[in-house]
Amino acid sequence: MKGLAETLVQNGVVDADDMSAIVARTGEGPALRHELVTTQLATEAQIAEAVAERSRRPYIDLSSASLDPEVVALVPAAMCRRYQLIPISRGRRQLIVGMLDPGDLIAIDDVATATDLNIVPVVVAADALATVFSRLLRSDEELSDLSEQIGESAATDAGPASTETLQDQVDDAPIVRFVNLLITQAISDRASDIHIEPGERHLAVRYRIDGVLHEMQRADRAIQDGVISRLKIMANVDIAERRRPQDGRLSVRHEDRQVDLRVATLPTVWGEKIVMRILDNSGTALEMSQLQFSAINEKRFQQAITRPHGMVLVTGPTGSGKSTTLYTALRTVASPQVNVITVEDPVEYRIEGISQVQVNQRAGLTFQAALRSILRSDPDIVLVGEIRDTETARISIEAALTGHLVLSTLHTNDAPSALTRLVEIGCEPFLVGTALSAVVAQRLARRLCMNCRAPHVEDVDALRSVGFPHDPADLPQLYRAVGCSACSGTGYRGRVALHEVMTLTEGLEQLTVSRATGTEMRQLALEEGMVALRDDGFSKVAQGITTVDEIMRVAI
């Protein structure tokens with residue numbers, strides 16, 4: 001044995017007998033690496049570390065590296081893929097490049113010629129490199145092709161593309177391919193939103209993944225008008241109107257399922273910004289157990305939504321999962337024996353067997369008007385998308401008092417604040433206390449990546465400063481985020497909900513009638529057994545689901 005095989009054996013990664021058998025079958029070439037990974041005798045990272053040791057080059061863990069899209073763009077995507085390399089960082093006259101084979105002199109020479117910089121090769125793992133390719137080089141070829149064609153068009157036609165020309169584009173036109181790629185890749189990456197943001201020199205594309213924005217692409221500003229016009233056509237909004245915000249909706253097929261996108265345009269100083277909210281219906285078909293309520297919170301929530309009447313509110317900021325919780329509750333209680341009607345603005349998820357009403361301000365179909373009509377349609381369960389004003393609140397409360405189960409959302413920071421908010425917007429306190437059955441405050445925290453999380457014992461002072469329950473003599477084993485190729489180096493993959501469930505007791509009703517402060521109501525609710533948001537989060541930290549830092553980021 002020699003080379004890579006010898007180094008792996010010397011490092012104790014692979015047994016000598018096993019390595020001899022594999023080398024006899026595959027030789028010392030690329031097939032050896034493939035066989036080692038396939039048989040799980042070595043990971044890509046261990047192989048990369050062995051290559052680095054033999055070549056006397058540093059090993060860089062791409063999963064924890066922060067790559068600048070502008071630095072990555074210094075080397076053409078086709079060259080990166082051909083030679084299996086990626087630019088990592090740039091110095092004054094040098095470029096650090098991650099490679100699978102740092103001894104590939106032809107690759108180093110070609111990159112040096114393309115960038116006019118001195119190349120410093122380092123070693124990276126193959127799986128981490130593939131993840132970076134999928135994240136940063138997905139559409140570089142499309143962008144280059146698109147920019148070139150737009151440049152050629154601009155040279156022959158000084159005027160902007162007409163509506164008819166855009167509408168008549170074939171499916172393989174560069175603009176169409178680019179937009180389709182943005183959407184399908186966002187869905188594959190589990191993004192909740194796509195931000196297309198014009199700038200002075202570039203068009204930036206960012207995805208919100210697990211609640212955090214990541215810049216995925218930075219294109220030449222020349223493609224801006226074409227991309228925005230294409231999206232506006234798909235969303236069926238006026239492409240000639242650029243001075244006022246517009247809302248639209250589009251649907252795409254992705255991996256044999258339909259995904260809806262809610263599109264909003266916003267005029268900015270550099271052009272129209274477009275934000276698309278991805279509404280993946282498959283992601284909302286949840287069971288109650290998948291919401292990960294604690295045992296006591298789930299019991300309280302189930303009792304509230306299975307009552308024949310009353311109001312259940314879910315509160316929290318935008319993007320905190322309120323709609324998912326409400327739709328899951330709706331699926332739990334809906335059946336052919338009950339009449340379920342919703343009024344929403346907009347209708348985010350379409351559910352078979354439920355009558356859903358879309359608010360239309362221009363046509364006079366407001367929340368108030370829709371609610372009045374719904375109550376004349378013999379409903380058993382009513383879902384109100386959001387309580388935004390006094391009249392909507394009053395009608396919802398009256399519906400809850402007259403034998404209907406009403407589900408809705410409200411923007412407050414915690415559960416007890418919902419009582420004071422309803423009173424402040426003009427509802428009678430005695431009606432609020434009687435109508436409400438329960439209030440759920442909710443936040444979403446990023447979930448630790450199970451592939452790379454690492455055990456961690458937090459400092460006593462740090463735990464004490466945030467109020468984490470612990471025994472100083474026996475500190476709990478928690479976990480910290482590390483980062484790997486599976487989670488794109490973030491250390492987190494997916495999200496988990498934190499809940500604060502407050503049921504309305506006689507004591508809380510009396511405080512509501514006496515117009516007590518939110519602080520007084522919160523104190524009583526805690527005394528009566530309500531688990532605070534942060535405490536629910538800490539219980540999920542103790543279970544190894546998330547981290548203390550995440551709880552402090554999202555919970556009050």
Side-chain angles (χ1 to χ4, degrees), residues 211 291 293-294 297 300-301 304-305 310-329 343-345 348 367 371 382-397 399-400 406-445 495 497-505 507-537 551-556:
L291 295 178
F293 280 97
S294 65
N297 282 343
R300 290 182 169 194
F301 188 58
I305 64 174
M311 177 185 284
V312 179
L313 293 178
V314 181
T315 74
T318 301
S320 60
K322 299 189 299 295
S323 295
T324 300
T325 298
L326 280 183
Y327 280 115
T328 304
V343 52
E344 306 167 69
D345 183 23
E348 292 192 357
F367 270 109
L371 267 173
V382 179
L383 186 149
V384 182
E386 182 182 343
I387 293 178
R388 300 177 179 176
D389 53 62
T390 304
E391 192 169 358
T392 303
R394 285 175 176 169
I395 299 172
S396 300
I397 287 174
V406 179
L407 308 176
S408 189
T409 68
L410 194 64
H411 286 284
T412 62
N413 290 328
D414 60 4
S417 297
L419 295 168
T420 56
R421 179 65 51 83
L422 289 173
V423 173
E424 287 166 358
I425 65 175
C427 298
E428 292 294 339
F430 68 93
L431 294 179
V432 172
T434 306
L436 272 178
S437 301
V439 182
V440 181
Q442 181 168 311
R443 300 289 188 279
L444 292 178
R495 288 190 285 179
L498 318 179
H499 303 98
E500 181 177 271
V501 182
M502 181 187 75
T503 54
L504 265 292
T505 62
L508 285 169
E509 286 185 28
Q510 291 175 355
L511 285 182
T512 305
V513 172
S514 63
R515 297 180 181 267
T517 65
T519 303
E520 293 172 316
M521 291 184 183
R522 182 171 184 81
Q523 183 61 41
L524 179 60
L526 291 171
E527 291 173 1
E528 293 180 342
M530 182 184 79
V531 178
L533 264 174
R534 185 174 290 186
D535 292 337
D536 187 53
I551 301 305
M552 300 307 295
R553 182 179 71 87
V554 301
I556 56 174

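Hydrogens, waters and symmetry mates play no part in the numbers below; they use all other heavy atoms, side chains included. Start at 1 with the first residue, then count along the sequence.
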Discussion item. Walk me through whether Asp535 and Glu500 qualify under side-chain contact (heavy atoms from CB on, under 4.5 Å).
Written reply: CA-CA 9 Å; Asp535 292 337; Glu500 181 177 271; over 6 Å; no
Starting at [atom1] of [X], measure out to [atom2] of [Y] and round the result to the nearest 0.5 Å.
| X | Y | atom1 | atom2 | answer |
| --- | --- | --- | --- | --- |
| Ile395 | Leu371 | CD1 | CG | 5.5 Å |
| Leu313 | His411 | CG | NE2 | 12.0 Å |
| Leu524 | Thr519 | CG | OG1 | 12.5 Å |
| Glu386 | Asp345 | CD | CG | 9.0 Å |
| Leu410 | Arg388 | CG | CZ | 11.5 Å |

Between [X] (side chain only) and [Y] (backbone N and O only), is there a donor and an acceptor less than 3.5 Å apart?
| X | Y | result |
| --- | --- | --- |
| Lys322 | Ser408 | no |
| Ser320 | Pro317 | yes |
| Gln442 | Gly321 | yes |
| Thr434 | Leu431 | no |
| Arg522 | Ala532 | no |
| Thr412 | Thr315 | no |
| Arg300 | Val501 | yes |

Heavy-atom pair with the smallest gap, counting every atom of [X] and [Y]:
| X | Y | answer |
| --- | --- | --- |
| Gly537 | Ile551 | CA-CD1, 3.5 Å |
| His499 | Leu291 | CE1-O, 3.3 Å |
| Val384 | Ser396 | CG2-OG, 3.8 Å |
| Val406 | Ala399 | CG2-CB, 3.8 Å |
| Ala435 | Ile397 | CB-CG2, 3.6 Å |
| Leu326 | Thr409 | CD1-CG2, 3.2 Å |

Practice prompt. I would like to know whether Phe293 and Asp536 meet side-chain contact (heavy atoms from CB on, under 4.5 Å); could you show each step before the answer?
Written response: CA-CA 9 Å; Phe293 280 97; Asp536 187 53; over 6 Å; no
Worksheet item: Within a strict 4.5 Å, meaning less than it, do heavy atoms of the Asn297 and Val440 side chains meet?
Response: no
Worksheet item: Below 4.5 Å, heavy atoms only, C-beta onward: do Leu508 and Glu528 meet side chain to side chain?
Response: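 Yes, side chains in contact.
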Discussion item. According to salt bridge (Lys or Arg N to Asp or Glu O under 4.0 Å), who are the partners of Glu344, at least two apart in sequence or on a separate chain?
Written reply: none
Worksheet item: Among all residues two or more places apart in sequence or in another chain, which pass the ring-ring contact (aromatic ring centres under 6.0 Å, His included) test with Phe367?
Response: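 Partners of Phe367 by the ring-ring contact (aromatic ring centres under 6.0 Å, His included) criterion come out as none, since no residue qualifies.
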Worksheet item: So with a 6.0 Å cut-off around CZ of Arg515, is the heavy-atom count from everything else above 12?
Response: no
Item to complete: Go through the steps to decide whether Arg421 and Ile387 satisfy the test side-chain contact (heavy atoms from CB on, under 4.5 Å), and finish with yes or no.
Response: CA-CA 10 Å; Arg421 179 65 51 83; Ile387 293 178; over 6 Å; no
Discussion item. For Pro416, run the side chain to side chain contact (heavy atoms under 4.5 Å, CB included) check against Gln523, Glu520, Met530 and tell me which one passes.
Written reply: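 It is Met530, the one option of Gln523, Glu520, Met530 that forms the side chain to side chain contact (heavy atoms under 4.5 Å, CB included) with Pro416.
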Worksheet entry | Thr390: partners by side-chain hydrogen bond (donor to acceptor under 3.5 Å, both in side chains), with sequence neighbours left out |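 Once residues adjacent in sequence are excluded, Thr390 has no partner under the side-chain hydrogen bond (donor to acceptor under 3.5 Å, both in side chains) criterion.
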Worksheet item: Passes side-chain contact (heavy atoms from CB on, under 4.5 Å), Leu436 versus Leu422? Steps please.
Response: CA-CA 10 Å; Leu436 272 178; Leu422 289 173; 4.0 Å; yes
